[in-house]
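Working notes, structure below.
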Amino acid sequence: MEESSPLISNGKDPRREALLTRRLQLTEALAEDPYDLILYLNRAVVHSNLAYPDLAVGDAYRALLLADEAGDESFEYHERAKVALEKYTTTPCPDVLHHGSLADGASDMVDGHDSDDKPESHQQLAFLASVRCYQILSLSLLLCGCLKSALSFCERGLGAVPSNKELVEIKGYIEQVARLRLRKKPGEPIDINSLPDRGVVRREIYPWNTHEPDRFSAESLAYLNQNLTTMAPKCEVKVSVLPVLLDGETNTDGYEIIPTCRQLGLFAKEDIAPGEAVLKEYSLLTANNRLKELNCDACGSELPPLSAQSQAVCCPECYDTVFCDEFCFSRAQEKYHPTVCDKDVDLIAKDPDAREADQSLYLLLLARLLAMAEHQEVHPLELDEIKYIWGDFVPTHINDIDLSVDAGPPPDWTLPFSFRYNVEIPLHVLEKMDVDIYATLGRYDVWVLNTAYAKFRGTASARKNPRDGRPDVAAVHPFWCLANHDCDPNVTWEWGGRMTLWARETKVLGKKGGIKAGEEILNHYCDVDLPVHDRREWASGSLGGWCMCQRCRDEAAKAEKRNGNGNGMGEDGRWK
């Protein structure tokens, strides 16, 4: 269950404070009765009013699933969903269902049709609630920028109540935005399959998130350094001062002094020679999106050809899962594998379309994290594999939408989001693992999944398949990613479940490699041979802002001076 947090009360916005208090009350009520779909709908409305449309989507979707449960006796949670609804009556309806024209004629409808047989009270409520779910889902997904899913839920709602005024209006809004995005004229038909379905949402430490440690505390640094000893004996974790990532074009590239922030970083305790291994780290937080590739399930490394000398091990329970050796198998058994063994979880999101390859890898990393949390009975954000990782979050108030009449433009949110990858499939993964997605809301709420995704996007490494160049294996190494990004790094790395950082023989800009005692270990998370514009575009998508390392600033400032157009771009609109 979530706890109250000092971050909830900022003393500046009484309306927001009241909404956060209401959210906490509803979350506590759901911990007591996790099958009460009315509570989910109430919390969805609160999330909408707090400008968290993605979290509203998560609540409304769980409510929609419970409405289906209440209406079908064959469903697993039918009785519990029915009992929860029977606490309410249709006269009067719960306040959350008194929305526009929703309740008109409700007593004569069940499952969207007139009925001569009087439906039971819980059936009427389930039907009304499902329509309210469609309203919240379609409008919230529109606000997230997920137009395809928004239109799909809107049309499902209109299929049940074709004349519902609110759904008709929402469909009009979706089509209006779709025509702008697709550059279609008014009245032109819209193919739902052509609509974009990836949006962006808030990337922040949520005000109620009590799982983030004080990463700069003496206790945290001592813990990290103790674990680092065996991986990087010549390094230590210390606080690093880094340039702040900016959200777009800037005129500060040529400035000597720029905004900075504190982060954790790796520093050399003694000299490290060129070509010397700096860090060797093993991770189980890995993902493989190819169905028939011969990779170790635990560490993601390629399996050697099978032979009499092969050390590869198959799981004796499911036989389909293969590991490098007994070490990987025992670690998998200890950390995650029993939760997914022989449950077809490994078939999810495999062999994706090329456009979805990156999304599928992040999803599969999340699935591994959920399996680890479930097997170890730990909250996902408390797992050592991601607990100390920073997700490039911004303060909550920067993401807030100003509702005053003289407000400026809304903030630019930066965390990629889709209904399929952030809500639908993660819940499907949990169900495949025999997890009750209602009773475990406190551990697997959408904000928890978003937080994990934010951490993955800034730190996960991937390997491309040599046959087609698509990323097919990814991993999160929590100590590897403590080495901060720089476009002129002093280390390079060799991908694998067993990640190795090496001191560069020669740096990108031509200086001799090697690292002196006291210097920071500077890693690279993107292809540093790319031009500055492309590197900054990558940073914006993965880290939430444009890279402001010295190399990027120098190259952008030179381009601005050379082109004389004040924005560092050439005539073709690209940085040179």
Side-chain angles (χ1 to χ4, degrees), residues 1-5 7-8 16-71 75-89 93-97 99 122 125-126 128-130 132-133 135-137 140 206-211 370 373-374 377-382 422-424 426-431 433-452:
M1 189 176 81
E2 292 172 15
E3 300 174 0
S4 59
S5 165
L7 290 173
I8 287 181
R16 181 174 179 275
E17 196 168 324
L19 286 168
L20 286 169
T21 299
R22 176 61 174 155
R23 182 198 173 277
L24 179 60
Q25 293 169 346
L26 289 166
T27 302
E28 291 175 340
L30 280 166
E32 294 295 322
D33 190 353
Y35 308 99
D36 186 337
L37 66 86
I38 300 299
L39 291 176
Y40 282 106
L41 282 174
N42 278 317
R43 202 176 70 147
V45 172
V46 171
H47 277 144
S48 294
N49 291 334
L50 282 167
Y52 293 103
D54 50 325
L55 306 189
V57 166
D59 284 342
Y61 186 61
R62 274 187 168 96
L64 182 62
L65 295 177
L66 283 170
D68 291 340
E69 294 279 349
F75 282 14
E76 181 177 2
Y77 302 107
H78 167 73
E79 195 59 34
R80 279 170 278 191
K82 174 183 173 183
V83 169
L85 269 183
E86 287 176 340
K87 296 183 300 185
Y88 305 94
T89 67
C93 283
D95 288 344
V96 73
L97 301 184
H99 181 74
H122 78 273
L125 282 171
L128 286 178
S130 66
R132 187 74 179 100
C133 290
Q135 293 173 346
I136 294 172
L137 283 164
S140 298
Y206 297 90
W208 50 84
N209 181 357
T210 59
H211 298 281
L370 299 181
E374 189 63 19
E377 298 182 346
V378 176
H379 191 285
L381 300 181
E382 293 289 344
N422 291 66
V423 180
E424 182 182 30
L427 293 184
H428 178 56
V429 168
L430 289 168
E431 288 178 321
M433 295 192 301
D434 297 327
V435 174
D436 183 336
I437 62 172
Y438 310 106
T440 58
L441 177 69
R443 280 167 44 181
Y444 305 123
D445 209 343
V446 171
W447 71 265
V448 176
L449 311 185
N450 283 356
T451 301

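Positions are given from 1, in the same order as the sequence printed here. Computed from a predicted structure; not experimentally measured.
Of the inter-residue distances, the one linking L37 atom CG with L30 atom CG reads 10.0 Å to the nearest 0.5 angstrom. Separation of atoms OH (Y438) and CG (L66) is listed at 4.0 Å; rounding is to 0.5 Å. For the atom pair CE of M433 and CG of L370, the computed distance is 5.0 Å after rounding to the nearest 0.5 Å. Between atom CG of residue D33 and atom CD of residue E28 there is a gap of 14.5 Å, rounded to the nearest 0.5 Å. Residue Y77 holds its OH atom at 11.0 Å from CG of L65, rounded to the nearest 0.5 Å. Here the straight-line distance linking atom CG of D445 with atom NE2 of H379 works out to 8.5 Å at 0.5 Å rounding.
Looking only at distances, a side-chain donor or acceptor of R62 sits under 3.5 Å from a matching main-chain atom of I437. Within the 3.5 Å criterion, the main-chain N or O of L41 finds no donor-acceptor partner in the side chain of R132. Between the side chain of Y61 and the backbone N or O of C133 there is no donor-acceptor pair closer than 3.5 Å.
Between R23 and D59, no side-chain nitrogen of the basic residue sits less than 4.0 Å from a carboxylate oxygen of the acidic one, so the salt-bridge criterion is not met. A salt bridge is absent between E69 and R80; no separation between the charged side-chain nitrogens and carboxylate oxygens falls under 4.0 Å.
Smallest separation of non-hydrogen atoms from L97 and A129: CD2-CA, 3.8 Å. The shortest heavy-atom contact between A70 and H78 is O-CE1, 3.0 Å. Nearest heavy atoms, Y206 versus W447: CE1-O, 3.5 Å. Of all heavy-atom pairs spanning Y88 and P94, the tightest one is CD2-CG, 3.8 Å. Heavy atoms only, all atoms of each residue included: I136 and A56 are closest at CG2-O, 4.1 Å. When every heavy atom of A452 is checked against every heavy atom of L381, the shortest pair comes out as N-CD2, 4.3 Å.
Considering only heavy atoms from C-beta on, I38 comes within 4.5 Å of V96 through its side chain. Within the 4.5 Å cutoff, no side-chain heavy atoms of L39 are placed close to those of R43.
Of the candidates E374, E377, E382, E374 is the only one forming a salt bridge (charged side-chain N to carboxylate O under 4.0 Å, His left out) with R443.
A side-chain N or O of D54 and one of N450 form a donor-acceptor pair less than 3.5 Å apart.
Shown here is D95, whose CG atom has no more than 12 heavy atoms of other residues, nucleotides or ligands within 6.0 Å.
Ring pair H47/W208 is tilted by interplanar angle, where 30° to 60° counts as tilted.
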query: Does the side chain to side chain contact (heavy atoms under 4.5 Å, CB included) test come out yes or no for V429 and Y444, once each step is laid out?
result: CA-CA 11 Å; V429 168; Y444 305 123; over 6 Å; no
Test side chain to side chain contact (heavy atoms under 4.5 Å, CB included) applied to L449 and N422, step by step: CA-CA 7 Å; L449 311 185; N422 291 66; over 6 Å; no
